[in-house]
Amino acid sequence: MATSTIAQDHPEIWAALATVQDPEIKRPITDIGMVDAVSVGSDGVVAVRVLLTVAGCPLKDKITRDVTAAVGGVDGVTGVDLSLGVMTDEQRSGLQETLRGGKPAKEIPFAQPGSLTRVIAVASGKGGVGKSSVTVNLAQAMAATGLKVGVVDADIYGHSVPAMLGVADARPTQVEEMIMPVPTASGVSVISIGQLKPRRDQVVAWRGPMLDRALVQMLADVYWGDLDVLLLDLPPGTGDVAISLGQHLPSAEVLVVTTPQDAASEVAERAGTMASMMHQRVVGVIENMSYLACPHCGPEHRIEVFGSGGGAQVARTLSERFGYDVPLLGQIPLEPSLREGGDVGKPIVESDPTAPAAVELTKIATGLVGRGRGLAGLQLGLTPAGKF
Ligand SMILES: Nc1ncnc2c1ncn2[C@@H]1O[C@H](COP(=O)(O)OP(=O)(O)O)[C@@H](O)[C@H]1O
Ligand SMILES: [Mg+2]
Ligand SMILES: [Zn+2]
């Protein structure tokens, strides 16, 4: 049945179905060829046939619930008889065309002139400083303000982002050549380099060209839709991924995460300098594990477990080196519930929002997206105007 016929014959039911979004594609199911047939019985029972993009779609229960609720709410409908089918290869190709909007494949949408998505890469000098924890919490806090946020986990050594966002076991759905990012409960979309490799133990052996291909795949083959912000969790250090990213997305901004330790701050400076060499702007420094609130005296007494001053030092050094202000955006204390949140897949900004670490992370997130991106240090002409 052609969709135009369904829309004409059953306008109220079509309108109700148009309120249902595919959870992965985030577009009304009526726009993307998922509504295959509708018929209304004399008893008021509506039979709806919905086509899933792939067999065994992990989100078919949600689609079933949403369609049943939407159609069931139409005046005069006494029941909904939903049947699920699967798109043919031809229908899937058609969907891919629709999603691409006529643009050729293998193009990174965020690198196109006029892209309104803010791309922020999170870098650190070494592992274990909390780069991934910071990334997922910033993503979550930004999404909570109503922004559409995507996260690319490009850390070949860690790829812990899906677990920290509660979607450790989810696999992205693939429609032809196009990959759907995994949606989290709170609306952040995520894709991890760990989800693209064939075997769990294989990825660490990846080098330059393979990594480059994987990064391009995560940016170009993944259907991100219209994002406000895309956050990238980079591998620690100044390696191949940072170079690839600089080549493909020179307009990306970079955040540097460090601990207060001297040694950590020195390697963090190098990560920042690499970004600058790739013509990316370093928007700020975040110091993590800054202090522990004294269990006896409370937060006024800060126990500096890992020393002090590292974040401020990185910010100062990078400001001097680049000739523009690289601010210290915040200092996040050590907080057991931050680690616990990561372990159970609920970022602390959501699971324990009044904890000082969560308050600081939320402050950093709103500071980043609430403020316009400055022009100083940007490659003028290369960088599309931001929407903030
Ligand atoms: N502020 C913090 N307080 C307590 N634990 C933290 C904090 N930041 C990070 N962690 C914990 O430290 C470990 C390393 O953090 P992670 O984000 O994985 O670092 P990275 O991505 O830099 O390797 C994780 O177990 C994480 O939960
Ligand atoms: Mg990590
Ligand atoms: Zn004390």
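Below, each value reflects all heavy atoms present in this structure, side chains not excepted, and no hydrogens, waters or symmetry copies. Please read these numbers as outputs of a predicted model, since none were measured by experiment. Order of listing sets the numbers, starting from 1, for every ligand and every atom in it. This chain uses plain numbering: 1 for the first residue, then up along the sequence.
Using a 4.0 Å cut-off between charged side-chain N and carboxylate O, Asp66 and Lys62 make a salt bridge. With respect to the salt-bridge test (charged N to carboxylate O, under 4.0 angstrom), the residues Asp155 and Lys131 qualify.
Remark: minimum distance from atom 19 (O) of ligand 1 to any protein heavy atom is reached at Gly130 N, 3.0 Å. At the top of the distance list for atom 9 (C) of ligand 1, counting protein heavy atoms only, stands Met289 CE, 3.5 Å. Here the heavy atom of the protein found nearest to atom 26 (C) of ligand 1 is Ser133 OG, 3.7 Å. Nearest non-hydrogen protein atom to atom 18 (O) of ligand 1 is Met164 CE, 3.6 Å. With respect to atom 22 (O) of ligand 1, the closest heavy atom belonging to the protein is Lys131 N, 2.8 Å. Of the protein's non-hydrogen atoms, the one nearest atom 23 (O) of ligand 1 is Gly128 N, 2.8 Å.
Note: the hydrophobic cluster containing Leu84 does not contain Val45 (ILVMFWY, side chain heavy atoms under 4.5 Å, direct or indirect links).
Here the side chains of Met34 and Pro28 are not in contact, with every heavy-atom distance at 4.5 Å or above. When side chains are defined from C-beta on, Trp224 counts as touching Ile191, because their heavy atoms get closer than 4.5 Å. Side chains of Ile193 and Met218 form a contact here, defined as non-hydrogen atoms less than 4.5 Å apart.
Between the side chains of Thr259 and Glu287, no donor-acceptor pair of N or O atoms lies under 3.5 Å.
Contacts between Ala357 and ligand 1, counted as non-hydrogen atom pairs separated by less than 4.0 Å, are absent for every part of the residue. Here Asn288 has side-chain heavy atoms under 4.0 Å from ligand 1, and that is the only part of it that gets that close.
Nearest heavy atom pair, residue Val314 against residue Ala268, reads CG2-CB, 4.1 Å. Of all non-hydrogen atoms in His248 and Ile108, the two that sit nearest each other are CB-CD1, 3.7 Å. Of all the heavy atoms in Leu231 and Met142, the pair that sits closest is CD1-SD, 4.3 Å. Scanning all heavy atoms of the two residues, the minimum distance from Gln331 to Glu360 falls at N-OE2, 2.7 Å. What you find for Gly272 and Val282 is that their closest heavy atoms are O-CG2, 3.7 Å. Nearest heavy-atom pair across Pro181 and Val222 is CD-CG1, 3.6 Å.
Distances under 2.8 Å from the Mg ion (ligand 2) pick out the protein N/O/S atoms Ser132 OG.
Ligand 1 has a nitrogen or oxygen under 3.5 angstrom from a nitrogen or oxygen of Val129.
For atom 6 (C) of ligand 1, a protein heavy-atom neighbour is present inside the 4.0 Å cut-off. Under the 4.0 Å distance rule, the nearest protein heavy atom to atom 13 (C) of ligand 1 falls outside the cut-off.
The SG atom of Cys297, the Zn ion (ligand 3) and the ND1 atom of His301 define an angle of 110° (nearest 10 degrees).
Closest heavy-atom approach to atom 11 (C) of ligand 1 within the set Glu287, Lys126, Arg339, Glu335: this belongs to Arg339.
At a 4.0 Å cut-off, at least one heavy atom of Pro333 sits close enough to ligand 1 to count as contact.
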